[in-house]
Amino acid sequence: MNDFATQIVTHWGSDSGTLKKLNLVSESMCLAKWYNSTIWLGSGMTTSCHHPPAHAVDKDKVIINPKLLHNTDQKKEDRRKMLAGEKPAGCEYCWKIEAMGTNAVSDRVYKSKIYPLTALREASDTPVKNDVDLRTLEISFDRTCNFACSYCNPAFSTAWVKDIKNNGPYTGLISDGRNHFTHTHESSQLYTINETNPYVEAFFKWWESDLHKTLQELRITGGEPLMSGYTWKLIDWFKTNQGRSNTKLAINSNLGLTTDKLHNFVERVKDLPHLEIYTSQEAIGSAAEYIRDGLDYGQWLQNVQELLETNSIKAVHVMCTINALCLSTLDQSLDRVLEWKTKHGRDRVSFTLNILRFPSFQSPLILPAKLKELFRCRLQDWLNLNRHNEFLHEHEINHLQRLIDYLDVVKTPHSDAFDIPKLLNDFGQFYTQYDQRRNKDFGKTFPELKEWYDSIIQYQLPNDIQI
Ligand code: SF4
């Protein structure tokens with residue numbers, strides 16, 4: 001911390017300026033490990049930020065000390081490593097971006113600069129054995145969801161559970177070491193709706209004692225949070241405790257609501273001062289509906305439009321999960337966001353591009369070089385055309401630039417996914433079964449990918465790879 005302490009700095013500055021300041025503490029420093037958490041109360045798991053693999057929270061200890069929902073032994077060890085300049089393995093997402101050597105900005109910049117610069121000193125000065133108070137929290141109460149997106153799985157969606165229960169496990173997948181698509185992931189929902197869930201109890205205890213004072217932002221995720229009674233309990237808390245908390249409430253919603261339900265929602269949240277909506281979308285039309293099974297794209301467009309026209313919602317953020325199937329229409333999806341920005345304001349709607357790594361066979365890096373290059377050039381054209389558009393934020397331009405670089409430079413989705421034949425096998429196996437189970441047609445939906453896909457589904461694994 002000495003270098004940092006000798007410099008008079010009062011604000012983070014640009015993305016590259018933020019990186020320099022973090023690196024004054026250490027080249028692996030990231031404030032998300034201290035102040036940001038994702039907690040799945042249904043399964044009693046956590047991680048921070050949302051990129052590293054989740055790990056378990058101790059059920060018995062958390063009843064006594066709810067702060068252990070976030071301050072697990074593993075995170076404390078990761079904090080020690082970051083202060084010592086070591087790179088926690090779970091943060092590979094960022095190390096991979098930084099290793100590209102193209103000035104690409106990793107998420108440790110974005111996920112640190114949302115806190116005041118003083119937080120860097122506080123984190124560095126706090127003994128690693130201490131519990132810290134969260135500033136941003138993403139929380140999931142349960143996995144109830146009406147969508148079954150192709151890159152999701154039964155751990156996060158009851159619609160996915162139904163697919164597995166009705167049709168059995170997906171077969172022939174060999175790169176998915178965690179078996180995401182072969183069982184119903186009962187460990188993701190340890191308690192039924194009628195049972196007392198000690199993790200949920202701990203969360204509300206911590207919320208009442210500290211979190212409502214310390215949190216800058218509470219984001220509810222799922223499943224689909226609007227289908228959880230606990231989301232409405234929190235919304236009602238904010239309505240009846242106006243003035244007690246400055247926490248900004250945000251909800252990750254698939255916005256798969258009918259118009260009536262959307263109107264009911266808008267009416268119920270109209271007195272909340274800070275509500276923001278995060279919604280996933282990375283493609284358009286039938287491509288979007290293929291990737292996000294359950295989606296009615298026209299209804300989604302209408303719902304976003306209505307939210308932007310009401311004063312009840314402060315902002316809508318479109319989260320793009322960059323997978324192999326979205327690249328052919330991603331530029332058109334960004335066009336739509338830019339139109340909304342132009343009409344409703346730069347800050348009323350924004351986008352982020354998050355590169356999918358799991359399941360690895362759905363990564364954009366599975367595509368053949370010719371298609372990757374085609375889509376990379378398309379995105380580069382979009383960026384060239386819009387780079388100086390006053391409605392774009394710096395982080396949006398940087399996200400797009402890093403995706404363009406990623407498609408150019410990075411060859412495998414993550415360090416264990418080097419075996420392209422296995423990934424190709426799984427791509428063909430998975431989407432053949434997905435088409436049958438969901439009544440879809442890959443070739444019709446993605447004409448630019450059809451020739452390649454047809455070659456994939458006839459693909460024969462080399463003899464030395466065993467299923
Ligand atoms: S994955 Fe990146 S942003 Fe997330 S905690 Fe690790 S270093 Fe920070």
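Not measured: the values here are computed from a predicted model. All residue numbers in this chain count up from 1 along the given sequence. Whatever order the structure lists them in is the order used to number ligands and atoms, beginning at 1.
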Could you tell me if the ring centre of [X] sits under 6.0 Å from that of [Y]?
X      : Y      : result
Tyr115 : Tyr35  : yes
Tyr199 : Phe203 : no
Trp160 : Phe147 : no
Phe351 : His393 : no
Tyr290 : Tyr434 : yes
Phe375 : Trp382 : no

Flag, side chain of Thr158 to backbone of Val161, donor-acceptor distance under 3.5 Å: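 Not confirmed, Thr158 side chain does not pair with Val161 backbone.
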Need the ligand 1 atom indices (1-based, order shown) with element for anything under 4.0 Å from a heavy-atom of [X].
X      : answer
Lys111 : 3 (S)
Cys94  : 1 (S), 2 (Fe), 3 (S), 7 (S)
Asp107 : 3 (S)

Which residue and atom name correspond to the protein heavy atom nearest [atom], and how close is it?
atom                    : answer
atom 8 (Fe) of ligand 1 : Cys30 SG, 2.3 Å
atom 6 (Fe) of ligand 1 : Cys91 SG, 2.4 Å
atom 5 (S) of ligand 1  : Cys49 N, 3.2 Å

Note: Ser48, heavy atoms under 4.0 Å from ligand 1, region reported as backbone
Short version for Arg108: what comes under 4.0 Å of ligand 1, heavy atoms counted, is both
task: May I ask you to check whether His51 brings an N, O or S atom to under 2.8 Å from atom 6 (Fe) of ligand 1?
output: no
